[in-house]
2 protein chains.
Amino acid sequence: MTDTALALADLDFDRYDHVRPIRWTGEALELLDQRLLPFSVVHEVCRSSDEVAEAIAKLVVRGAPAIGIAAAWGVVLAARSIEVTRAQTALHQLEPALQRLNAARPTAVNLMWALARMRRALATADGDWRAALEREAQAIEREDLAANRRMGALGAALLAPASGVLTHCNTGSLATAGFGTALGVIRAGVAAGRVARVFATETRPWNQGARLTVWELMQDGIDATLIADSAAAHLMKTGQVQWVVVGADRICANGDTANKIGTYQLAIAAKHHGVKVMVVAPSSTVDMATAAGDAIEIEERDPAELLSFRGERVVATGVRAWNPVFDVTPHALIDAIVTERGVVEQPDAARMRALFG
Amino acid sequence: MTDTALALADLDFDRYDHVRPIRWTGEALELLDQRLLPFSVVHEVCRSSDEVAEAIAKLVVRGAPAIGIAAAWGVVLAARSIEVTRAQTALHQLEPALQRLNAARPTAVNLMWALARMRRALATADGDWRAALEREAQAIEREDLAANRRMGALGAALLAPASGVLTHCNTGSLATAGFGTALGVIRAGVAAGRVARVFATETRPWNQGARLTVWELMQDGIDATLIADSAAAHLMKTGQVQWVVVGADRICANGDTANKIGTYQLAIAAKHHGVKVMVVAPSSTVDMATAAGDAIEIEERDPAELLSFRGERVVATGVRAWNPVFDVTPHALIDAIVTERGVVEQPDAARMRALFG
């Protein structure tokens with residue numbers, strides 16, 4: 001483990017951080033609808049926990065940290081729908097809502113982590129348990145932003161000046177409370193002159209890279225080049241990329257990492273070219289209870305995501321498709337796991353335990 | 001080199017070969033417009049060599065062997081537009097049309113190979129040189145179909161019974177005179193019981209796999225499963241695929257192979273998993289004058305192919321994209337090159353020379 005970080009005070013974070021996907025109004029949760037970006041900037045207003053669960057399942061909000069934060073606010077909304085005074089009774093009555101939030105997506109551990117925090121806050125609430133839940137959701141959101149800035153400083157310190165980076169999916173402000181995980185490292189790297197070239201994959205089938213990442217970077221005035229997912233190895237061969245920087249949906253006790261489908265393929269190509277792989281995720285993404293990646297449930301989504309585009313069929317009818325939306329990158333293909341608690345280089349079970357055990 | 005082939009007579013080729021992309025009517029060239037598949041089956045009629053060159057450049061017809069055949073017919077059309085009687089004079093007058101056909105696409109060597117054959121046919125024409133050109137174009141087309149069936153028998157012989165195969169781009173009837181190269185091996189493998197599972201990548205950005213390959217296989221009743229390009233490594237990890245079977249746009253003297261962008265990435269992932277890689281292409285794709293892959297010009301097409309879908313912008317305006325449409329797979333990542341002349345296993349310069357020198 002190393003903890004060399006760029007000096008946080010020297011980084012002009014605000015200059016590179018303009019997007020916020022989650023807004024709590026005090027009455028409702030407003031989610032920037034990520035299905036409609038980059039052409040429509042529309043907020044979906046959720047007034048109940050079930051609406052939040054549905055928004056998570058439908059990908060109105062996505063990104064492992066962001067769905068954890070949204071779920072926490074979902075619990076706050078659920079709390080307003082019941083009329084009990086004691087926290088213990090509330091915990092019992094809120095259970096069905098918590099279960100539905102928990103079931104909205106299966107792979108990212110942040111969802112269950114955030115709900116566990118909310119349960120604990122309720123269980124230990126003193127007096128006004130609704131206020132305690134609201135404070136906890138606020139803390140989860142605030143801590144996520146702070147963690148992202150800290151990870152940005154830690155991750156960017158690993159980059160040589162004027163590096164080229166390739167990122168996959170969207171791990172930016174849109175996937176978090178703000179600033180982003182992998183994209184936060186890229187933001188910090190740009191701010192510190194460590195990043196000279198940013199490449200983003202399209203990230204089929206949902207096109208998070210093409211629709212979200214390059215849009216988000218444009219909001220901050222960061223230049224990026226979009227490539228097809230399958231052009232990554234060819235790009236690496238040109239020598240323009242020194243690091244693949246990605247987020248994570250779950251990091252196991254041995255460092256195996258579940259992330260967006262295609263991450264594994266990028267990591268194999270990176271190893272082949274001597275390009276390094278950095279996984280950036282808050283410690284809430286670390287799941288020390290899961291020993292290795294083969295135990296992670298990989299979500300398979302509707303084949304329609306491959307067969308249609310904006311609701312219009314683009315593949316001959318009758319064709320089958322297989323649509324796993326995550327894969328597992330074994331720790332041996334990862335050079336550094338960056339969390340807000342520190343960096344695990346060449347991760348394995350022992351090094352992970354040293355930081356998270 | 002090995003030349004074990006499945007017995008051609010035992011394979012019911014016609015059952016698995018229903019699509020023809022190129023039709024010479026005696027007056028004009030009808031090209032099945034591959035930009036509109038799978039939803040519109042429309043033929044574009046070319047009445048001049050310039051219309052053929054434009055159709056090649058616009059991808060009305062694509063696939064290395066198919067563009068060679070189309071260009072040959074383009075020469076036949078050019079021949080009808082000039083009024084000379086001597087073949088030598090015709091050769092001179094046809095030169096501008098030949099140049100324009102040659103310049104339509106830069107990477108596939110079949111285009112220049114077919115034009116060289118047409119030039120030779122004209123140079124050696126005895127009497128009616130227009131008839132000689134038409135015979136040569138017919139021969140190029142007929143020989144391509146025969147080569148594909150021969151390659152199907154040779155390539156399928158390399159597959160163990162009930163194998164799983166993954167293919168990339170479209171290398172089928174649509175990319176050739178008929179039957180296909182890599183897809184021809186898959187057709188022959190299905191016919192012979194060697195292939196039990198067929199997976200096809202989407203093949204961004206032009207979606208040849210999603211639009212063409214799975215459609216073409218459906219016409220023949222061959223079951224296939226579409227995956228995102230980035231899901232290939234995850235698929236390999238499941239053990240369902242034993243061979244990656246792809247075509248080629250140019251094969252160098254040392255076996256390095258230019259093919260659709262993403263092939264290189266698949267080959268790296270295949271090596272990582274112990275999955276084998278088969279390149280299937282007629283000997284017209286072999287370019288013994290180019291020593292190694294780094295000398296091949298890689299075509300970069302309009303970034304709009306990544307930024308728009310069916311003419312509609314799908315990425316924020318102002319975003320840059322890099323759109324190389326081929327890459328080079330080094331021979332060390334290739335297990336077998338299958339041509340109609342025979343198979344080169346573990347290709348290198350010496351083994352290539354033994355068959356093509």
Contact origin within B:Thr238 toward chain A - heavy atom pairs under 4.5 Å:
side chain
Residue among A:Ile227, A:Asp327, A:Val315 with most heavy-atom pairs under 4.5 Å to chain B
A:Val315
Between B:Glu44 and B:Arg35, does any side-chain N to carboxylate O distance fall below 4.0 Å?
yes
Is it the backbone or the side chain of B:Thr317 that comes under 4.5 Å from a heavy atom of chain A, or both, or neither?
backbone
Give a yes or no answer on whether the side chain of B:Arg211 reaches the backbone of B:Gln34 with a donor-acceptor pair at less than 3.5 Å.
yes
What part of B:Lys237 is in contact with chain A, defined as an atom under 4.5 angstrom from a non-hydrogen atom: side chain, backbone, both or neither?
side chain
Run the salt-bridge test on B:Arg187 and B:Glu216 with the 4.0 Å N-O cut-off and return the result as yes or no.
yes
Side chain to side chain, B:Ile251 and B:Asp287, heavy atoms closer than 4.5 Å:
no
Where does the angle between the aromatic ring planes of A:Tyr264 and B:His273 fall among parallel (under 30°), tilted (30 to 60°) and perpendicular (over 60°)?
perpendicular
Any side-chain heavy-atom pair from A:Leu183 and A:Asn170 closer than 4.5 angstrom?
yes
Does any backbone or side-chain atom of B:Leu235 lie under 4.5 Å from a heavy atom of chain A? Answer side chain, backbone, both or neither.
both
For residues B:Phe199 and B:His168, determine if any side-chain heavy atom of one lies less than 4.5 Å from a side-chain heavy atom of the other.
no
Heavy-atom contact with chain A under 4.5 Å, split by part of B:Phe326
backbone
Most heavy-atom pairs under 4.5 angstrom with chain B, which of A:Asn207, A:Val325, A:Thr203, A:Leu306?
A:Leu306
So for B:Ala231, is it side chain, backbone, both, or neither that comes closer than 4.5 Å to the heavy atoms of chain A?
both
If you tally heavy-atom pairs under 4.5 Å between each of B:Asp223, B:Asn323, B:Val328 and chain A, the highest tally belongs to B:Asp223
Taking NZ, NE, NH1 and NH2 as the nitrogens, is one of them in B:Asp229 or A:Arg204 under 4.0 Å from a carboxylate oxygen of the other?
no
Select one option (side chain, backbone, both, neither) describing which atoms of B:Glu305 are under 4.5 Å from chain A's heavy atoms.
neither
Counting heavy-atom pairs under 4.5 Å to chain B, which of A:Ala200, A:Pro303, A:Pro205, A:Ala224 comes out on top?
A:Ala224
Can you tell me which portion of B:Leu217 sits under 4.5 Å from chain A's heavy atoms? Options are side chain, backbone, both or neither.
neither
Can you tell me which portion of B:His272 sits under 4.5 Å from chain A's heavy atoms? Options are side chain, backbone, both or neither.
side chain
So, do A:Asp249 and A:Arg105 sit near enough that their side-chain heavy atoms are less than 4.5 Å apart?
no
